[in-house]
Amino acid sequence: MQSISRRTCLKSLGAASGALFLPKPLPAAGPSAPVSLALCKTYVESGLRPVMERMFDQLGRLGRLVAGKTVAIKINLTGSPSYRLGHFPAELAHWTHPAVIGTTVHLLGKAGARRIRLLESGWNTAEPIEEYMLQGGWDPRDLLNAADRVEMENTNYLGAAKKYSRFVTPKGGHMFQAYDLNHSYQDCDVFVSIAKLKEHATAGVTLSMKNCFGITPCTIYGDGAGVDEPSIYPRGGRGPIHSGSRQPSKSSPSENDPNSPREGGYRVPRVVADLVAARPIHLAIIDGIDTMTRGEGPWIGGVRHVKAGVLIAGTNCVTTDAVGTAVMGFDPMADRGKAPFERCDSTLRLAEELGVGTRDLKQIDVLGTPIAKARFDFRNPPA
Amino acid sequence: MRWPTSPAEYWNRPESLALLSGTPINCIVLSPGSAEAERQPLIERAIKMGMVVVGESDIPWVNQSGIPPSSKEPFIALSKAVWPSVRAFGRGDGSSAGPTGNAWIDSNGWLVRLARERAPGKPVWLTCVPPAKADMLRPESYTMAVADAAAYGARWIVSLDDGLSAGVARGDSRAQDTWKRLTSSIAFFERHSGWTTFSTVANLGVLSDFAGENESFACEVLNLCARRHQLHRILLKRRAATDSYDGLAAIVYADRTPPENVLWEKLLAFAEAGGLLVAPTAWRSLVSGGTVSEYPRHSVFTAGKGRIAIATKPPTDAYLLAADTQLILSRGHDLLRVWNGGSLNVHVTASKDGRQGLVQVLNYASRPPEHQASVQLKERYGSARLLRIEGGEEEMTMVPAKTGIELHLPAFPVYAAIELTK
């Protein structure tokens, strides 16, 4: 529980800025919640759906989590939709695959979810996510029709609401004591992160937690953010978070320590840890059926497409990402200087420090396929 | 070809015309002020070889807006063309700015297309001279100058940079290679001259008089629609009475002033029949009925079965207007999608009976891209064949897409064409 004086202070901050200051979201599952790991080599429904059904059953049935609830799902459509890794469609390299998203939506609907909202902050745009998907060669109707009452929203700006929603970071946060986000991240009962199993040039790995880096609107945290107030539309990327070149719009909390290192490997993992502590993830899913190595998108040199053939799911994002990191051939206990965190601090450790979950595999129950059987060496992938 | 003047001791000699043997070049343009007496033997030899010799000052140069509706000239010679190339955006260090890598492209595609609309059936020449450089330009730059004109149905008046004209004169092997590749590029398009009879494939019309106070903005809309790979037709206001808008899903009216009554009635009928009309702010008073939906820079009203999108403020950014049009129409209507096409322009045409299609891809970076490009066409075809301007052909696999087909382009430096057959 926060002290009254701090709560009052933050409330007045929220009132002064115009952000909607709201109570903390419901917490995610316990810090050592089990993780389901499965081998899966196909996105074809007949092969994919039974695997995902089994995984969700192993985690304790979706109905308990979502029945009668509004579920928000942050998907990963990073980068411009017109960018591909060679000829590989984005969903086979750096985007979460629509089949994984669609199957999740379908199963959530079957489990009784009242309303399902697909969220993403489209790069450099406020256009509807449906249009973003069309540009990427998808048919958004495949997802909109996967269950009843499915919607999409671009969360890279204010969107449909009148105010941003303020999320307070527990323990004061590593970088920011609070973040102002699109209303969609508040207007839900259950929050799901569907990520791709990838390395990341700045943060080492990008899994269910780093997927949430994209919940920050660029109207406040981006290159083109307004100085005093959020800009109306997003422009550019989140360079300021990486480099610390400027603070967010003044209407939002500035960083805790303006003298902190101006280096992406320091800043990005801390912001990610803050975000998943402030906006807990109730269900983390990682698509590693087809993916890429050496980076998070085709704009990183030396990346290549691989078929890791795995799916990972859990009700705690730290434990899920710890298993994902291990499946990639890395040690989830590694930190700066050791793969995959050669040039950065460990998001897993930083989230652990905020009490989000444990990265210690000895404390994590891995259900389904053992890690050793699912391991895919991202640094030395098969030819 | 604009005949070089330097070094004069080479280029003034009749023997220099041997360079043109076996090439499609059959006309030489002499610069004004050249010493006529010294060049007389050259001129006589050229005429004897069956060449046309013309002084540059005798050519009836026009800019695009100066092309008269019924020009009596046998050809259209465009004076203000740019040297086709790419300028990288980014942090000034030559790198692209993050995960999009947008590039600014200098292309004459829109200029040629507009000229051909203004003077249908007339050959179009265009002149652009190579940028001044310390060394001779790469052969790819010349291939691009040829292709950037020819892909859209024009001919570039060949102009050599100083380095190349000097290199040719001294028999430099690199210069000879460049010359050979330049002329074989011209020959490629001469072999496929039938392509110029194909019509533009498009479902967006850009309507303007492209002249006077409207010229700059409307022409830029054409240029930037091409950069966004939005397939579009050029609709001349003066032909509104006779032009058909069949097959168009949207028309963007790029002029500031409202249209005359006859055109307004026609555009309204287009919208009411199901089309999207994107119109400037001044039209608000012409539209009745409540707002259907708001977009960042347009209010969209219903009109019969279609819609009219009125700009909330006078558009000043042609790129945003093109982008807004595509968004309001919806990308579900895209006839073409391009991936990894940051430095590409793509021109799609089809035979009049629709049985043959042609996709011409121009790579302004003039070197194979880091990630190979793919194109998706909404139209389905039975077979696809890639033709390289350097020579060589190969059958292409058509990958079924959600709508239409996808074609995965191999790496190519400057230009490739895909012939499609149903």
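First the proteins, then the strands, lettered A, B, ... as listed; each starts at 1. Below, all heavy atoms of this structure are taken into account, side chains as well, without hydrogens, waters or symmetry copies.
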> With a 4.5 angstrom heavy-atom cut-off, could you sort out which part of B:Asn340 is near chain A: side chain, backbone, both or neither?
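Both backbone and side chain.
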
> With distance as the sole test, does A:Asn154 use its side chain to make a donor-acceptor pair with the main-chain N or O of A:Thr125 at under 3.5 Å?
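Yes: the side chain of A:Asn154 pairs with the backbone of A:Thr125.
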
> Relative to the ring of B:His371, is the ring of A:Tyr83 parallel (under 30°), tilted (30 to 60°) or perpendicular (over 60°)?
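Ring orientation, 0 to 90° scale: perpendicular.
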
> Based on non-hydrogen pairs under 4.5 Å, which of A:Glu131, A:Glu130, A:Met133 is most in contact with chain B?
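That would be A:Glu131.
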
> Between A:Glu120 and A:Lys74 (salt bridge meaning N to carboxylate O under 4.0 Å), is one present in this structure?
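Counted as a salt bridge, because a side-chain N and a carboxylate O are separated by less than 4.0 Å.
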
> Roughly how far, to the nearest 0.5 Å, is the CG atom of B:Asp324 from the CD atom of A:Glu127?
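The CD atom of A:Glu127 sits 10.0 Å away from the CG atom of B:Asp324.
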
> Using a heavy-atom distance cut-off of less than 4.5 Å, which residues of residues 85-96 of chain A contact chain B?
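A:Leu85, A:Gly86, A:His87 fall under the 4.5 Å cut-off.
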
> Is it the case that atom CD1 in A:Ile232 sees more than 12 heavy atoms from other parts of the structure closer than 6.0 Å?
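Incorrect, the count does not exceed 12.
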
> With a 4.5 angstrom heavy-atom cut-off, could you sort out which part of B:Pro296 is near chain A: side chain, backbone, both or neither?
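Both parts, backbone and side chain.
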
> At a 4.5 Å cut-off on heavy atoms, which part of B:Ala373 comes close to chain A: side chain, backbone, both, or neither?
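For B:Ala373, backbone heavy atoms alone lie under 4.5 Å from chain A.
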
> Just wondering, do A:Arg235 and A:Asn124 contact through their side chains at under 4.5 Å, heavy atoms?
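Counting from C-beta outward, A:Asn124 and A:Arg235 do come under 4.5 Å.
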
> Non-hydrogen atoms of chain B under 4.5 Å away: do they reach the side chain of A:Pro140, the backbone, both or neither?
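For A:Pro140, neither part sits under 4.5 Å from chain B.
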
> Which of the residues A:Gly301, A:Gly239, A:Pro298, A:Gly237 is involved in the greatest number of heavy-atom pairs with chain B at under 4.5 angstrom?
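Among the listed options, the one with the most contacts to chain B is A:Pro298.
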
> For A:Arg246, does the CZ atom sit with more than 12 other heavy atoms under 6.0 Å from it, leaving out its own atoms?
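Buried by this count: over 12 neighbours within 6.0 Å.
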
> Considering only heavy atoms from C-beta outward, does the side chain of A:Val205 approach that of A:Phe378 to under 4.5 Å?
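No, their side chains stay 4.5 Å or more apart.
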
> Find out whether A:Pro381 and A:Thr293 are in side-chain contact, i.e. whether some heavy atom of one side chain is under 4.5 Å from a heavy atom of the other.
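In short, these two side chains touch, coming nearer than 4.5 Å.
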
